[in-house]
Chemist: 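Input: one structure, supplied below.
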Amino acid sequence: METKITRLSATEKALEVIRDLETKYGALMFYQAGGCCEGTQPQCFEKGGFFPRMNDAMIGTVNGHEFWIDHDLFEYWQYSHFTLDVIDGFGPGGFSLETPLGKTFKVHYRLFTPEEYKSLEPVKRSE
C-alpha cells in the first residue's frame, strides 16, 4: 500500500500553543483566508466559530483539529506543503485565539517534489 503524503505539519512550538488553547477552549479549528483584513495568516477559532465557505479546502489536521483554507488560496498553494508555526507578535485583526498570548500563527511553505505530489492525501471540500 502506498503511503500518502500529508499537506500539513506543525512545529513543536505551534503544538505547545495549540495544547494551551485546547485546555482553555476545547476543540479548535484553523482557517487561512485569501487576504483582505485578515491577511493570509492562519487563524485559530473554537470549533464551529468560523464556517468555511463553499468549496474551501480542508488540507489536513493539526493535533486533530481541522485546517481549512480559502478555495482561491488553495488553487494557488495546492502544490505546497504547509508547516504551521507560531511567532511572538500580534497577527492581523486579532480574532485568533492565540492573540491574547502575544503569539500569532504563521505558515512556512515548500513546494512538493513531483513524486510527493503524485502521492498526496486528498483534500476535503466544504459544501
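The model shown is predicted, which means the values in this text are computed figures rather than measured ones.
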Chemist: Does Glu75 use its side chain to pair, donor to acceptor, with the backbone of Asp72 at less than 3.5 Å?
Modeler: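 Between the backbone of Asp72 and the side chain of Glu75 there is no qualifying donor-acceptor contact (under 3.5 Å).
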
Chemist: Got a sec, which residues hit side chain to side chain contact (heavy atoms under 4.5 Å, CB included) with Glu12, two or more places apart in sequence or on another chain?
Modeler: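 Partners of Glu12 under the side chain to side chain contact (heavy atoms under 4.5 Å, CB included) test: Leu15, Glu16, Arg19.
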
Chemist: Only counting residues at least two apart or in another chain, list the ones meeting side chain to side chain contact (heavy atoms under 4.5 Å, CB included) with Arg110.
Modeler: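 With neighbours one apart ignored, the set is His81, Phe112, Glu116.
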
Chemist: Restricting to salt bridge (charged side-chain N to carboxylate O under 4.0 Å, His left out), what partner residues turn up for Lys47, sequence neighbours left out?
Modeler: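 Checked Lys47 against salt bridge (charged side-chain N to carboxylate O under 4.0 Å, His left out); matches are Glu66.
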
Chemist: Only pairs at least two apart or in different chains count here, so list each salt bridge (charged side-chain N to carboxylate O under 4.0 Å, His left out) that has a residue in residues 78-90.
Modeler: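 Listed by first then second residue: Asp88-Lys103.
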
Chemist: Counting heavy atoms not belonging to Tyr76, are there more than 12 under 6.0 Å from its OH?
Modeler: no

Chemist: Please identify each residue that fulfils ring pair (Phe, Tyr, Trp, His ring centres under 6.0 Å) with Phe30, with sequence neighbours left out.
Modeler: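 Phe30: ring pair (Phe, Tyr, Trp, His ring centres under 6.0 Å) contacts with Phe67, Phe105.
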
Chemist: Quick one: do Phe82 and Met29 end up in the same hydrophobic cluster if we chain Ile, Leu, Val, Met, Phe, Trp and Tyr together by side-chain heavy atoms under 4.5 Å apart?
Modeler: no

Chemist: The criterion is side chain to side chain donor-acceptor pair (under 3.5 Å); which residues satisfy it with Thr61, sequence neighbours excluded?
Modeler: none

Chemist: With sequence neighbours excluded, what pairs up with Phe51 under the ring pair (Phe, Tyr, Trp, His ring centres under 6.0 Å) test?
Modeler: none

Chemist: Got a sec, which residues hit side chain to side chain donor-acceptor pair (under 3.5 Å) with Glu22, two or more places apart in sequence or on another chain?
Modeler: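 If we apply the side chain to side chain donor-acceptor pair (under 3.5 Å) test to Glu22, skipping adjacent residues, the hits are Asn63, His65.
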
Chemist: Are Leu120 and Lys4 close enough that some pair of their side-chain heavy atoms sits under 4.5 Å apart?
Modeler: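 No, too far: nothing below the 4.5 Å cut-off.
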
Chemist: Just how far is it from atom NZ of Lys124 to atom CD of Glu121, taken to the nearest 0.5 Å?
Modeler: 13.5 Å

Chemist: Could you state whether Val62 and Tyr109 fall into the same hydrophobic cluster, counting links through intermediate Ile, Leu, Val, Met, Phe, Trp or Tyr residues with side-chain heavy atoms under 4.5 angstrom apart?
Modeler: yes

Chemist: Say you draw a straight line from CD1 of Ile18 to OG1 of Thr23; how long is it, rounded to the nearest 0.5 Å?
Modeler: 12.0 Å

Chemist: Going by side chain to side chain contact (heavy atoms under 4.5 Å, CB included), name the residues that satisfy it together with Asn55, two or more places apart in sequence or in a different chain.
Modeler: His71, Arg125

Chemist: For Phe45, enumerate each residue passing the ring pair (Phe, Tyr, Trp, His ring centres under 6.0 Å) test, keeping only those at least two apart in sequence or located in another chain.
Modeler: Phe50

Chemist: Taking ring pair (Phe, Tyr, Trp, His ring centres under 6.0 Å) as the test, write out the residues that go with Tyr25, two or more places apart.
Modeler: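 Listed in chain order: nothing, the list is empty.
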
Chemist: Identify, with sequence neighbours excluded, every residue that meets side chain to side chain contact (heavy atoms under 4.5 Å, CB included) alongside Lys24.
Modeler: none

Chemist: Rounded to the nearest 0.5 Å, what separation is found between the CG atom of Leu28 and the SG atom of Cys44?
Modeler: 4.5 Å

